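Quick caveat: nothing in here was measured; it's all calculated off a predicted structure. Start at 1 with the first residue, then count along the sequence.
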Amino acid sequence: MSDTRRRVKLYTLNEDRQWEDRGTGHVCCSDEETSLTVTAESDGSLLLESKIITSTAYQKQQDTLIVWSEAENYDLALSFQEKAGCDEIWEKICQVQGKDPSVEITQDPMDESEEERLEDLESAHVLDLPACEPEHLEEIAELVTSVLSSPVRREKLALALLSSGFIRKLLLLFRSCEDSHHRQALHHLYEIVRGVLFLNKASLFEVLFSDDCIMDVVGCLEEVIPITDSELRQKIHQTYRSVFEENFLSTLSSFIFFNKVEIVSMLQEDEKFLTEVFAQLTDEATEDDKRRELVNFFKEFCAFSQTLQPQNRDAFFKTLANLGILPALEIVLGMDDVQVKAAATDIFSYLVEFSPSMVREFVMQEPQQADDDVLLINVVIKQMICDSDPELGGAVQLMGLLRTLIDPENMLAPASKAEKSEFLSFFYKYCMHVLTAPLLANTSEEDHDLTEGSARVNPVCPDNFQTAQLLALILELLTFCVEHHTYHIKNYIMTKDLLRRVLTLMNSKHTFLALCALRFLRRIIGLKDEYYNRYIMKGNLFEPVINALLDNGTRYNLLNSAVVELFEFIRVEDIRSLIAHIVDNFYPALESIEYVQTFKGLKGRYEQEKERQSRGLSRCVSVPTHTHTHTHTLSSAVHYHPMMTSTSLVIPDSATSLCFVYRVWNSIIEKCFLSRGGALV
């Protein structure tokens, strides 16, 4: 069995000043070469070989950490499983450097001058602290300030403060001074506590940030004199914040980082505790205040996990999943408490960002045992729809999470090839109707006012700004679906006649909502899919867009530019079916627009195609008389246009549009299929 005293995790500080886990192994210190080596426990590979240099500053923190720098901007740390192992290696480092193992730092990272060395020799005796009384506070403040320039004296002061319990005495004195409004004493206490923080000692941080001290420490750092000018107060805060960062940010950051790692690891291993917490969280008998505390606990728990390395974070979230975090979220997200829902949303975001596949796997198992209304994704959608925030901050966050879940780009793992098809089928069957419900409810139309091929509706366009924002979010998600889901969204749009409903929003007084509707159409046309094109032409769905352009008049704004860009795309890409439809049906209304050449360009494309068709037809429409038998056979399978004869197809000038040709040939092909017992798909 390996020696757990020497078991360590090796960390390095990256360019972003974040600690990265380099692996777990066992450390040893060879007496011959005076080097620290760490061997990986997984495969025996060498994780670290570091020679102990006498001039290198090694620092011991929190009883189980040793931190040092080997080169500029290259910091390392060893986190020991046991305190005994840390003490053992620390003694060897101090032995090589000729230092007393009782110190927490072996060297000053900065070079000391000879004058400082002499000063330290003169003050080699143990520091005697003045009595902790109001009349001595100024003397104590001067002492703390004076030692900051000397590493050895800082070390001695830190030892003196710890050995005598001096910090707690100071904080008790702070309470009495605050009660008596003793401003001068409070000012000195501020200087003393600030100086103690500047000593940059992890052992002092443990005392200062303990439960019984932290609030008094914060109190000591408060302003003694109230500053009414907010700008001046901000400048003062910025100045002192930078001073604090320069003096002790690195040590404090390390202190916090390793504490978070230990907290997550210890809680994760205590399955009994977590199981009890989950049970309380979902128990209907749990009081609201208690449930709010439990949800916030899990939120902080997940936030702490972000300090873990990927492999450890993977184990962390798998533990939560096994304990039932997703069913628990399903319950608390549906509660009325705003704070509980906000915290639950944050937890859900951690889970989705970590593993959308894990969330998808859970929700696809739900329909077998739950109604549509309580499916996790539908609960999330309803929270998005019912967000009470006027700015829809929560809805925006939830929409982003939904987009991550339905994004095929993160469904491409080799182990789950069927995930994309299965999940999208699930989503469109069980969830899409919930997502589009507000859109359909706010774009109702009177059926008796509709005629086939007409886009004229009596829309109930939302005047409410918050409703308009919500519909814009839904349209943004649907536009994403058009770009990434192809078959599923196409089938849904055509089955529900969704594009017609969306384009009624072109009448909205909220320009941003009209632009969202237009963007939805633009993405559909951008696919250059003839199924979509035929759907648009049959429904005459350009009408609301052109009406919006004409109603906008000569104003040069975003709506004008977006509409013009749509038609320019059709012209440049030469989408012939749409060009013919637009010119045949709308050119008289558009030909007066001359500030852009887009519409005249569409007419030019139309005329070119018309001429090309005429040339092509003139070469192939004449049918020789000796083929009469063949023609007769064909005539039995199709119904000829009234202008056709048994020996020729004569197409008048007014019928030379692409739409006419397309309809004739489509009819011929369809009738041929039907005559043979076939079917068109």
Side-chain angles (χ1 to χ4, degrees), residues 352 356-357 359-360 363-364 367 372 375 377-378 380-382 384-385 395 398-412 416-443 445 455 470-506 513-539 541-542 544-545 562 566 569-570 573 575 577-578 681:
V352 172
S357 290
V359 178
R360 285 192 289 261
V363 299
M364 281 192 290
D372 289 4
L375 295 178
I377 290 189
N378 286 345
V380 171
I381 293 173
K382 289 175 182 176
M384 182 183 84
I385 293 171
L398 290 170
M399 191 273 288
L401 297 175
L402 286 171
R403 182 160 60 182
T404 299
L405 288 173
I406 64 175
D407 186 356
E409 293 297 318
N410 58 50
M411 301 182 194
L412 302 179
S416 56
K417 292 180 180 179
E419 181 182 9
K420 176 180 175 180
S421 175
E422 291 177 1
F423 180 76
L424 291 182
S425 296
F426 161 85
F427 181 79
Y428 280 85
K429 180 178 180 180
Y430 294 104
C431 308
M432 182 57 94
H433 67 282
V434 181
L435 177 65
T436 57
L439 179 63
L440 299 178
N442 284 279
T443 55
E445 57 192 29
L470 174 62
L471 296 184
L473 281 179
I474 294 172
L475 279 175
E476 184 178 341
L477 202 58
L478 291 174
T479 303
F480 177 86
C481 294
V482 167
E483 293 178 300
H484 295 87
H485 292 175
T486 58
Y487 164 75
H488 292 86
I489 188 64
K490 183 194 302 182
N491 183 58
Y492 191 84
I493 288 173
M494 293 185 177
T495 302
K496 301 294 183 181
D497 198 13
L498 188 64
L499 181 56
R500 179 189 302 278
R501 304 293 286 272
V502 168
L503 289 176
T504 65
L505 298 174
M506 294 296 298
L513 183 56
L515 288 169
C516 286
L518 185 61
R519 189 181 304 117
F520 184 66
L521 173 63
R522 173 66 176 81
R523 291 294 182 274
I524 289 175
I525 291 176
L527 297 175
K528 296 187 284 188
D529 185 322
E530 278 302 312
Y531 283 99
Y532 273 130
N533 293 345
R534 288 197 294 273
Y535 165 66
I536 291 169
M537 292 184 294
K538 182 178 180 181
L541 298 182
F542 279 116
V545 178
L566 170 68
F569 175 82
I570 294 171
E573 296 296 323
I575 306 177
S577 58
L578 295 184
V681 180

- Task: Could you grab the distance from atom CD1 of Ile536 to atom CG of Leu521, nearest 0.5 Å is fine?
- Result: 5.5 Å
- Any side-chain heavy-atom pair from Arg501 and Leu439 closer than 4.5 angstrom? no
- Query: What distance do Phe542 atom CZ and Ile570 atom CD1 have between them, rounded to the nearest 0.5 Å?
  - Reply: 4.0 Å
- Nearest 0.5 Å, what's the CD1-OH distance between Ile493 and Tyr532? 3.5 Å
- Item | Separation of Ile474 CD1 from Thr479 OG1 (nearest 0.5 Å) | 11.5 Å
- Task: Check whether more than 12 heavy atoms from other residues, nucleotides or ligands sit under 6.0 Å from atom NZ of Lys490, and answer yes or no.
- Result: yes
- What heavy-atom pair brings Leu518 and Ala562 nearest, and what distance separates the two atoms? CD2-CB, 3.4 Å
- Grab the two heavy atoms, one from Met399 and one from Leu473, that are nearest each other, plus how far apart they are. CE-CD2, 3.7 Å
- Task: Quick one: do Val363 and Phe427 satisfy side-chain contact (heavy atoms from CB on, under 4.5 Å)? Show the steps, please.
- Result: CA-CA 10 Å; Val363 299; Phe427 181 79; over 6 Å; no
- Closest contact, heavy atoms only, Met537 versus Ser577: SD-O, 3.3 Å
- Query: So do His485 and Pro408 actually touch side chain to side chain, heavy atoms under 4.5 Å?
  - Reply: yes
- Trace of the side-chain contact (heavy atoms from CB on, under 4.5 Å) decision for Leu475 with Arg519: CA-CA 9 Å; Leu475 279 175; Arg519 189 181 304 117; over 6 Å; no
- State, with a plain yes or no, whether a side-chain heavy atom of Met432 is found less than 4.5 Å away from one of Leu435. yes
- Query: Within a strict 4.5 Å, meaning less than it, do heavy atoms of the Leu503 and Val545 side chains meet?
  - Reply: yes
- Looking at Phe520, is Arg522 sitting on its ring face, NZ or CZ under 6.0 Å from the six-membered ring centre and within 45 degrees of the normal? no
- Query: Hey, what do you get for CD1 (Ile406) to SG (Cys481), rounding to the nearest 0.5 Å?
  - Reply: 4.0 Å
- Message: Using side-chain heavy atoms (C-beta onward) and a distance below 4.5 Å, is Tyr430 in contact with Ile377?
- Response: no
- Query: Checking Arg360 side chain against Leu405 main chain: does a donor-acceptor pair fall under 3.5 Å?
  - Reply: yes
- Side chains of Leu478 and Leu498: does their closest heavy-atom pair fall under 4.5 Å? yes
- Can you name the closest pair of heavy atoms from His488 and Ser425 and give their distance? NE2-OG, 3.3 Å
- Note on the structure: When every non-hydrogen atom of Leu398 is compared with those of Met384, the smallest separation belongs to CD1-N, 3.6 Å
- Query: With a 4.5 Å limit on heavy-atom distance, are the side chains of Tyr535 and Ile524 in contact?
  - Reply: no
- Message: Could you measure the distance from the CD atom of Glu422 to the CE atom of Met411? Nearest 0.5 Å is fine.
- Response: 11.0 Å
- Please confirm whether the backbone N or O of Thr404 pairs with a side-chain atom of Asn410, one donor and one acceptor, at under 3.5 Å? yes
- Message: Between Arg403 and Glu476, is the salt bridge (charged side-chain N to carboxylate O under 4.0 Å, His left out) condition met? List the steps.
- Response: CA-CA 10 Å; Arg403 182 160 60 182; Glu476 184 178 341; 3.5 Å; yes
- Could you check if a side-chain atom of Leu471 sits within less than 4.5 angstrom of a side-chain atom of Thr443, using non-hydrogen atoms only? no
